[in-house]
*Asks:* 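Dumping the structure here so I can ask a few things about it.
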Amino acid sequence: MACPENMLFLIGLFMSGVLACFGERDLNATMPDKLDVLTGSCVQIPCSFDIPDRHRDQFNSAILPSGVWIKGSPYFGGRPDRVIFNSSEMVNRYQGKITGNMSQKNCTTVFFNVTTNYTDKYYFRIENQPFLATDTEKSVNIVVSDLPSSPILTVSGEVKEETPVSLNCSAVAPCPEHSPELTWTLPTQFTTENQLQENPDQTKSVLSTVTFTPSYHHHEKNITCTAVYPVGTSNKRAEHNMMLNVSFSPKDTSVSISPAHPVSVGSCVNLTCSSTANPPVTTFTWFQISEGNSTQVASGQSYTLNVTVDGGQYVCEARNSHGCGKSNEVQLAIKGQEETVNTMVSGVAAGTLGALLLISLISLFVWRRNSRLHDGLERTDNSQGQNSPVGTVCANQATAGEEPEKPAEDQPEEIHYGDIDFSKRQTKETPAAAQDRVQGQESEYAEVNVTGSRAQEPPLNNLDGLYAQVNKTGEC
Ligand SMILES: *[C@@H]1O[C@H](CO)[C@@H](O)[C@H](O)[C@H]1NC(C)=O
Ligand SMILES: *[C@@H]1O[C@H](CO)[C@@H](O)[C@H](O)[C@H]1NC(C)=O
Ligand SMILES: *[C@@H]1O[C@H](CO)[C@@H](O)[C@H](O)[C@H]1NC(C)=O
Ligand SMILES: *[C@@H]1O[C@H](CO)[C@@H](O)[C@H](O)[C@H]1NC(C)=O
Ligand SMILES: *[C@@H]1O[C@H](CO)[C@@H](O)[C@H](O)[C@H]1NC(C)=O
Ligand SMILES: *[C@@H]1O[C@H](CO)[C@@H](O)[C@H](O)[C@H]1NC(C)=O
Ligand SMILES: *[C@@H]1O[C@H](CO)[C@@H](O)[C@H](O)[C@H]1NC(C)=O
Ligand SMILES: *[C@@H]1O[C@H](CO)[C@@H](O)[C@H](O)[C@H]1NC(C)=O
Ligand SMILES: *[C@@H]1O[C@H](CO)[C@@H](O)[C@H](O)[C@H]1NC(C)=O
Ligand SMILES: *[C@@H]1O[C@H](CO)[C@@H](O)[C@H](O)[C@H]1NC(C)=O
């Protein structure tokens, strides 16, 4: 502040004013720099003061000092209107009260019925004859507005799925009588804890801490903290919106096939893996499932295959820093089964013939076995259909195991495939297979095994025209 203009006044009235101009304060008031206040509400100014040592002897602690608030400038000479509150006066321009205990140098003051024209800087002064001093250096900036300022939302650290997280919402409480009430809007269940807290500058805030356990469904959902100030007849509200950023392991991992199957043997097919994750998926890994074992066959979001008549099921695994997600097993259906079968048959006529013979024998054996050990499985019916056209059966059975929603194009063949299936199992894993069959519940599992077995058996390939398979050739 410019001293010269008030110098004469200060010199005339008290030496302390002069001293202030030379950089020494006669009074050290402590108060916040700024207070945000609502119209119609009150403002409590946290305040304390201290008297420099060199003036201590002038201060008469036996007498309660007056507290004076000056608006706009510390110098009120010729401007008595700047004195808006004087604790020694019965009537003041501002309705207010020093609530602090002045004997304890607590000058905390409340002004009521605040209006927008209260917005200004305010200086504090004490009068304790003969000691009179204003702190010309320190002022509090009071800013009055009709609407409350937004509460402040803070999150500490990363918000992770399935990990409880706490958020803070804090709203200024400049008027003790009109403290805000904080409420939360969250997409899930939560618990809250509210408290009045004192900030480092002595101002007060209401703090609400909410605790909840986010799931990946909450990613990019809004959460809101609303502060309601009970001022006058209508409440005043302010809110803070925040979009949740929940990190989560890959979800909804699925495989799309391009071109859509059924596909032709010898053509290229793209398997593309999609998944949602936060942060995004860093690696995609492809596995081929064969005989219950999965073998890693590729990495990358897309996996291009040269379709062959043999192969297994495929699974895609997506991974990010939080974990991984697996797709369902996918199985390709091959198109133009008849053509394919014919071609294949002519190419491998001899082998096929032998294989068919062998299969017939095995089927017969199985059929007999089944008749004897009849276990009530649907499979029994299948085996009875042994004579249906070769090949058609397989596709359906394979498909049925993996993708029930697919239309059953080749039901008769399925039966046939079932027969093969049995033979394989019996040849290779008789004890286990027998057990499975006895336990009706295991039927699905048995089918899957069969598919894998068949894929590896060369003679059986001919039967598969119907049953699409993929070869993991990198040439495509
Ligand atoms: C405060 O009020 C007292 C008592 O009326 C008066 O003596 C004093 O001058 C006033 N202070 C100011 C700064 O107006
Ligand atoms: C000063 O007085 C106010 C109001 O009475 C009180 O809330 C505050 O705690 C006091 N400050 C100190 C430092 O005693
Ligand atoms: C103010 O403080 C003084 C001294 O600490 C004490 O005697 C007096 O009772 C207090 N006044 C009030 C109103 O608390
Ligand atoms: C000031 O506010 C109080 C309630 O805080 C009310 O009772 C009083 O009438 C108001 N006074 C004026 C002058 O508006
Ligand atoms: C402040 O504004 C109110 C109306 O909003 C008015 O009644 C009052 O006189 C004004 N006070 C000052 C000091 O300008
Ligand atoms: C919330 O506030 C409490 C008390 O001030 C503090 O201990 C905690 O760290 C805060 N949490 C966040 C997320 O800011
Ligand atoms: C979410 O909050 C943003 C502001 O952060 C807002 O624009 C948007 O409308 C809100 N969406 C919903 C659904 O509430
Ligand atoms: C969300 O969180 C993730 C993981 O912490 C981070 O990589 C990403 O930048 C965040 N997104 C936004 C919009 O803050
Ligand atoms: C698929 O593989 C077969 C045998 O290796 C080959 O003849 C054919 O050209 C391949 N198809 C494509 C599209 O690469
Ligand atoms: C497979 O996907 C890759 C990348 O999307 C694309 O470049 C390629 O043309 C696709 N191939 C087929 C056969 O769809």
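In listed order, ligands and their atoms are each counted from 1. This is a predicted model, so every value here is computed, not measured. Numbers here are sequence positions counted from 1.
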*Asks:* Closest non-hydrogen protein atom to atom 9 (O) of ligand 1, residue and atom name please, with distance?
*Replies:* Glu127 OE1, 4.0 Å
*Asks:* Rounded to the nearest 0.5 Å, how far apart are CE of Met242 and SG of Cys225?
*Replies:* 10.5 Å
*Asks:* After noting the C-alpha distance and the side-chain angles of Asp201 and Lys34, does the key distance pass the salt bridge (Lys or Arg N to Asp or Glu O under 4.0 Å) rule?
*Replies:* CA-CA 9 Å; Asp201 66 356; Lys34 183 169 181 257; over 6 Å; no
*Asks:* Among all protein non-hydrogen atoms, which one is nearest to atom 5 (O) of ligand 3, and what is the separation to 0.1 Å?
*Replies:*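 For atom 5 (O) of ligand 3, the nearest protein heavy atom comes out as Gln104 NE2, 2.7 Å.
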*Asks:* In the protein, what heavy atom is nearest to atom 11 (N) of ligand 1, and what distance, to one decimal place, separates them?
*Replies:*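 Answer, as residue, atom name and distance: Asn86 ND2, 2.8 Å.
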*Asks:* So for ligand 1, is Glu89 a polar contact partner (N or O within less than 3.5 Å, distance only)?
*Replies:* yes
*Asks:* Can you tell whether the side chains of Lys160 and Glu162 come within less than 4.0 Å, N to carboxylate O?
*Replies:*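 Looking at Glu162 together with Lys160, the answer is no, because their closest N to O distance does not fall below 4.0 Å.
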*Asks:* If you have a sec, work out which protein heavy atom is nearest atom 4 (C) of ligand 1 and how many Å separate them, to one decimal?
*Replies:*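 Result for atom 4 (C) of ligand 1: Ser88 CB, 3.6 Å.
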*Asks:* Can you find a protein heavy atom closer to atom 7 (O) of ligand 1 than 4.0 Å?
*Replies:* no
*Asks:* Can you find a protein heavy atom closer to atom 2 (O) of ligand 3 than 4.0 Å?
*Replies:*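 Yes, there is a protein heavy atom closer to it than 4.0 Å.
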*Asks:* Keeping the roles fixed (side chain from His240, backbone from Pro151), state whether a donor-acceptor pair exists under 3.5 Å.
*Replies:*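 Looks like yes, one N/O pair under 3.5 Å.
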*Asks:* Looking at Phe76, which atoms of ligand 1 are within less than 4.0 Å of one of its heavy atoms?
*Replies:* 13 (C)
*Asks:* So which heavy atom in the protein is nearest atom 13 (C) of ligand 2, and how far is it from that ligand atom?
*Replies:* Asn106 ND2, 4.4 Å
*Asks:* Go through Arg56 and Asp50 one step at a time and tell me if the salt bridge (Lys or Arg N to Asp or Glu O under 4.0 Å) criterion holds.
*Replies:* CA-CA 10 Å; Arg56 284 260 161 86; Asp50 198 12; 3.1 Å; yes
*Asks:* Please list the nearest protein heavy atom to atom 12 (C) of ligand 3 with its residue and the distance rounded to 0.1 Å.
*Replies:*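 Result for atom 12 (C) of ligand 3: Asn101 ND2, 3.2 Å.
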*Asks:* For Arg25, is there an ion pair with Glu137 - N to carboxylate O distance below 4.0 angstrom?
*Replies:* no
*Asks:* Below 3.5 angstrom, do we get any N/O pair linking Thr99 and ligand 2?
*Replies:*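 Indeed, backbone or side chain, Thr99 has an N or O that close.
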*Asks:* So, regarding Ser103 and ligand 3 (criterion: nitrogen or oxygen to nitrogen or oxygen, under 3.5 Å), is there a contact or not?
*Replies:*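 No, there is no polar N/O contact under 3.5 Å.
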*Asks:* Please determine whether a side-chain nitrogen of the Lys or Arg among Arg54 and Asp26 lies less than 4.0 Å from a carboxylate oxygen of the Asp or Glu.
*Replies:* yes
*Asks:* Answer yes if the side chains of Asn194 and Ser208 hold a donor-acceptor pair under 3.5 Å, and no otherwise.
*Replies:*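 Present: a donor and an acceptor within the cut-off.
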